[in-house]
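Each remark here refers to the structure printed beneath this line.
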Amino acid sequence: VLNKTEEWILSDGLKNNTTFIADFDLHLPDTLPPESEFTLSAFGLPEPPGVTWERPTPWWLYGIAVGLALVVLSGILFRVFGRLRRQGTKT
């Protein structure tokens, strides 16, 4: 808690007593905002030329990665089951 009293003397000789009271709650919040909230463009100002910020990975790239992983996994499974099936018919 900050409690400060100051006395101001105005140009016409009158005195003004002012008391400043400030109560601070300094604790770290559970979740911090992303850095993108602290850019100039977040406040409607243009960014300087050449300044770029990291952007999150687009969701569709994750979709492509999952799709490719499924294609590879299904290819491996078809190959393994095909070999097992051929081995079963040879006997």
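Residues: numbered from 1 along the sequence shown.
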Provide the closest heavy-atom pair for Phe43 versus Glu37 in the form atom of the first, atom of the second, distance. CE1-O, 3.9 Å
Rounding to 0.5 Å, atoms CD1 (Ile64) and OH (Tyr62) come to a distance of 12.5 Å
Mark yes when over 12 heavy atoms from residues, nucleotides or ligands other than Asp30 sit less than 6.0 Å from its CG; otherwise mark no. no
Could you tell me whether a side-chain N or O of Glu47 sits under 3.5 Å from a main-chain N or O of Leu40, the two making a donor and an acceptor? yes
How about Thr19 and Asn3: do any of their side-chain heavy atoms sit closer than 4.5 Å? yes
If hydrophobic clusters are built by linking Ile, Leu, Val, Met, Phe, Trp and Tyr wherever their side-chain heavy atoms come under 4.5 Å apart, do Leu73 and Val80 end up in the same one? yes
For the backbone of Gly44 and the side chain of Ser41, can you confirm whether one donor and one acceptor N or O come within less than 3.5 Å of each other? no
Leu84 reachable from Leu77 in the ILVMFWY side-chain graph, under 4.5 Å edges: yes
Under the salt bridge (charged side-chain N to carboxylate O under 4.0 Å, His left out) test, which residues partner Glu7, sequence neighbours left out? Lys15
I would like to know whether Leu68 and Val72 meet side chain to side chain contact (heavy atoms under 4.5 Å, CB included); could you show each step before the answer? CA-CA 6 Å; Leu68 288 174; Val72 169; 5.5 Å; no
